[in-house]
Engineer: 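Here it is, the structure in full.
Chain identifiers are assigned alphabetically (A, B, ...) following the order of the sequence lines, protein sequences preceding nucleic acid strands; residue numbering begins at 1 within each chain.
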Amino acid sequence: MSFQVTVKDGYSAARRGVLTTPHGKINTPIFMPVGTRGAVKAMSPEELEELGAEIILGNTYHLFLRPGMEIIRKAGGLHRFSGWEKPILTDSGGFQVFSLAQLRKLKPDGVEFSSHIDGSRFFLGPKESMQIQRDLGSDIVMAFDECTPYPCSHQDAAKSLEITTRWETVCRDEPLNEDQQLFAIVQGSVYQDLREQSAKSLVELDFPGYAIGGLSVGEPEDQMYECLDWTVPHLPETKPRYLMGAGLPRQIVEAVARGVDMFDCVIPTRLARHGSAFLNNGETIPVKAGRFADDFSPIDEACGCRVCRKFSRAYIRHLVQVGEILGLRLLTYHNLYYFINLMKEIREAITAGEFSKLRERFK
RNA sequence: GGUGGGGUUCCCGAGCGGUCAAAGGGGGCAGACUGUAAAUCUGCUGCGGUAGCUUCGGUGGUUCAAAUCCACCCCCCACCA
């Protein structure tokens, strides 16, 4: 058993756990920084380690296109290629079915993509995705799904789910490296019957972990929570649960309360590159704004990160303003610190029986 | 002192009789961003609620109409003495 629930919250479905992978253990609930193209944008592996990142993401679609699998195979896998020695989770390309919707055609056995780089056509299906992720050598492999857009009619969602379910069965039957764990992805858009149907059929196939996909794609927040309420109870207690693509601090806390163990989101890194920083209360401030030009206080007085101990809003605002890369790097560092630290707080709160109190802070 | 080139909305800068409240940058302001086609993208940026009003160094003038033409004046820059 590679996942172990260690503490359960008495007042919600929140729980602590430890997930064991070939490249180390992961403490859940956890936030996983997104490193789509083999790097968490603007961060080095050393910095990620310093931040306390325990696992990062990589992306099948993007790494397959560049540098391509021949290079990755020659390099000896993504870990060796990138110098990140801790666990890696790779997304299957299913999100690109959604985000690059204009550049692809759905086929029964997968997706015909037109590369967003040069337009060249290539095929990515469940089989291909598994083969690529096997070569990437990630610790956690995601099933190839179709991330449904929002809004999506019941009819379309049902049709999409049927395809996704079929694909996921193919994924399960495709051989991976011995120690790789394949996570299934529940879809079904915002419909209770579909979400339940999806969860149940995937649980029957018995995967090492379960993800909830197709959320945080523009639906109202309450609807996202509702979907979790419909889905999570149908997932096995003993397996890790991963809410894909989420979220804002508040959303993470709410999902933890509903029993989710794993999160990833580009928000901290992207907002950083767009000049915004997270504050202790989960809100953001646009550090790049002129009003911070002479604000010599740190981004957040309450933050203990290296950036907040040393640099002022004014300096960071200046760097961003003149286009110095360092500005984006410092903001990325701070934002990731905030997310990683929030998860640590959540874990400690669960152990201390004070998760409800923490949850109140974000309401 | 002479010759030539200039002074445009917060800044730079285009415009050179009407279609100009004035291109384009910069800056400023506001917003978006959730398994990354994103160090990106969108909108606003003279005043006013529309009608309209006040702007293009200053003052006068020509014209139905001027940032654009003319006269004088004030500044700036380059070269020559």
Engineer: With a 3.5 Å cut-off and just heavy-atom distances, do the side chain of A:Gln96 and the base of B:rU36 make a donor-acceptor pair?
Structural biologist: no
Engineer: Using both distances under 3.5 Å as the test, list the Watson-Crick or G-U wobble partner of B:rG24, or none.
Structural biologist: B:rC12
Engineer: Record whether the side chain of A:Thr269 comes under 3.5 Å of the base of B:rU36 through a donor-acceptor pair of N or O atoms.
Structural biologist: yes
Engineer: Say you pick atom P in B:rU63 and the same atom in B:rG4; how far apart are they, in whole Å?
Structural biologist: 29 Å
Engineer: Give the rounded distance in Å between these two atoms: CG of A:Leu271 and P of B:rA39.
Structural biologist: 12 Å
Engineer: Roughly how many Å apart are B:rG28 and B:rU9, using the C1' atom of each and rounding to a whole number?
Structural biologist: 14 Å
Engineer: Test of understanding: with side chain to side chain donor-acceptor pair (under 3.5 Å), list the residues that count as partners of A:His318, not counting sequence neighbours.
Structural biologist: none
Engineer: Between B:rU34 and A:Ser216, is there an OP1 or OP2 to side-chain N/O distance shorter than 4.0 Å?
Structural biologist: no
Engineer: Across all strands shown, which nucleotide pairs with B:rC53 by Watson-Crick or G-U wobble geometry, both distances under 3.5 Å?
Structural biologist: B:rG46
Engineer: Within the structure shown, what part of the strands sits under 4.0 Å from A:Leu89 by heavy-atom distance: base, sugar-phosphate, or nothing?
Structural biologist: nothing
Engineer: Evaluate the ring planes of A:Phe207 and A:Tyr210, with Trp represented by its six-membered ring, and classify them as parallel (under 30°), tilted (30 to 60°) or perpendicular (over 60°).
Structural biologist: perpendicular
Engineer: Indicate, yes or no, whether a donor-acceptor pair under 3.5 Å links the base of B:rA38 to the side chain of A:Arg273.
Structural biologist: no
Engineer: A:Phe278 and A:Phe339: aromatic ring centres closer than 6.0 Å?
Structural biologist: yes
Engineer: I want to verify a distance call: between B:rC33, B:rG35, B:rA38, whose nearest atom is closest to the A:Ser276 side chain?
Structural biologist: B:rC33
Engineer: Rounded to whole angstrom, note down the C1' distance from B:rU59 over to B:rC75.
Structural biologist: 15 Å
Engineer: What interatomic distance, in whole Å, is found between P of B:rG17 and the corresponding atom of B:rG1?
Structural biologist: 34 Å
Engineer: Identify which one of A:Arg37, A:His116, A:Arg104 satisfies the side-chain hydrogen bond (donor to acceptor under 3.5 Å, both in side chains) criterion when paired with A:Tyr61.
Structural biologist: A:His116
Engineer: Taking atom C1' in both B:rU19 and B:rA67, what distance in whole Å separates the two?
Structural biologist: 16 Å
Engineer: Can A:Asp206 and A:Lys239 be counted as an ion pair, charged N to O under 4.0 angstrom?
Structural biologist: yes
Engineer: Taking only the side-chain nitrogens and oxygens of A:Arg270, find out if one of them lies under 4.0 Å from OP1 or OP2 of B:rU40.
Structural biologist: no
Engineer: Hey, could you give me each pair passing salt bridge (charged side-chain N to carboxylate O under 4.0 Å, His left out) that has a residue in residues 121-135 of chain A? Not counting sequence neighbours.
Structural biologist: A:Arg73-A:Asp135, A:Lys127-A:Glu174
Engineer: What do you reckon, are the aromatic ring centroids of A:Phe122 and A:Phe113 less than 6.0 Å apart?
Structural biologist: yes
Engineer: For the P atoms, the ones on B:rC10 and on B:rG46, what distance do you get once it is rounded to whole angstrom?
Structural biologist: 9 Å
Engineer: On a whole-Å scale, what distance lies between the P atoms belonging to B:rG43 and B:rG49?
Structural biologist: 24 Å
Engineer: With both distances kept under 3.5 Å, what pairs with B:rG31, Watson-Crick or G-U wobble?
Structural biologist: B:rC41
Engineer: Counting only Watson-Crick or G-U wobble pairs whose two distances fall under 3.5 Å, which nucleotide matches B:rG17?
Structural biologist: none
Engineer: Just the table, please: protein N/O against nucleotides 26-28 of chain B N/O, every pair under 3.5 Å.
Structural biologist:
{"unit_1": "B:rG28", "atom_1": "OP1", "unit_2": "A:Arg317", "atom_2": "NH1", "d": "2.8"}
{"unit_1": "B:rG28", "atom_1": "OP1", "unit_2": "A:Arg317", "atom_2": "NH2", "d": "2.8"}

Engineer: For RNA chain B, determine which residues of residues 104-124 of chain A have any heavy atom closer than 4.0 angstrom to one of its atoms, and list them numerically.
Structural biologist: A:His116
Engineer: With no hydrogens and no angle check, do the side chains of A:Ser2 and A:Gln181 hold a donor and an acceptor under 3.5 Å apart?
Structural biologist: yes
Engineer: If we count only N and O atoms by modelled type, under 3.5 Å, do the side chains of A:His79 and A:Asp139 hold a donor and an acceptor together?
Structural biologist: yes
Engineer: Rounded to whole angstrom, note down the P distance from B:rG57 over to B:rG15.
Structural biologist: 15 Å
Engineer: Around A:Glu221, counting heavy atoms of other residues, nucleotides and ligands shown, do more than 12 lie under 6.0 Å from its CD?
Structural biologist: yes
Engineer: Under 4.0 Å, heavy atoms only, any strand: does A:Gly214 hit a base, just the sugar-phosphate, or nothing?
Structural biologist: base
Engineer: Minimum heavy-atom separation for A:Ala143 and A:Ser92, please, with both atom names.
Structural biologist: O-OG, 2.8 Å
Engineer: Check each residue of residues 131-158 of chain A for a non-hydrogen atom within less than 4.0 Å of any atom in RNA chain B, then write out the ones that pass by number, or none.
Structural biologist: A:Asp145, A:Cys147
Engineer: Take atom CD1 of A:Ile267 and atom P of B:rA32, then tell me their distance rounded to the nearest Å.
Structural biologist: 11 Å
Engineer: Nearest whole Å is fine: how far is B:rG35 C1' from A:Glu168 CD?
Structural biologist: 13 Å
Engineer: What nucleotide, of B:rU36, B:rU34, B:rU40, holds the atom closest to the side chain of A:His274?
Structural biologist: B:rU40
Engineer: For A:Ile316 and B:rA39, give me the distance from atom CD1 to atom P, rounded to whole Å.
Structural biologist: 19 Å
Engineer: Looking at every non-hydrogen atom in both residues, tell me the closest pair between A:Val232 and A:Arg258 and how far apart they are.
Structural biologist: CG1-O, 3.2 Å
Engineer: Heavy atoms under 4.0 Å, any strand shown: does A:Glu324 hit a base, just sugar-phosphate, or nothing?
Structural biologist: nothing
Engineer: Taking CZ in A:Phe123 as the centre, count heavy atoms belonging to other residues, nucleotides or ligands within less than 6.0 Å. Is the count above 12?
Structural biologist: yes
Engineer: Please give, in whole Å, the distance from B:rU34 P to A:Arg250 CZ?
Structural biologist: 15 Å
Engineer: Ignoring backbone atoms, test whether A:Asn59 places a side-chain nitrogen or oxygen under 4.0 Å from the OP1 or OP2 oxygen of B:rG35.
Structural biologist: no
Engineer: What pairs with A:Lys8 under salt bridge (charged side-chain N to carboxylate O under 4.0 Å, His left out), at least two apart in sequence or on another chain?
Structural biologist: A:Glu237
Engineer: When you compare the side chains of A:Gln133 and A:Ser129, does any donor N or O come within less than 3.5 Å of an acceptor on the partner?
Structural biologist: yes
Engineer: Can you tell me the pairing partner of B:rC79 across any strand shown, Watson-Crick or G-U wobble, with both distances under 3.5 angstrom?
Structural biologist: B:rG2
Engineer: Measure the distance from NZ on A:Lys41 to P on B:rA38 and round it to the nearest whole Å.
Structural biologist: 6 Å
Engineer: Nearest whole Å is fine: how far is B:rC33 C1' from A:Phe278 CZ?
Structural biologist: 10 Å
Engineer: Specify the residue among A:Gln187 and A:Gly323 whose closest nucleotide of RNA chain B lies further upstream toward the 5′ end.
Structural biologist: A:Gln187
Engineer: Measure the distance from CZ on A:Arg37 to C1' on B:rA37 and round it to the nearest whole Å.
Structural biologist: 9 Å
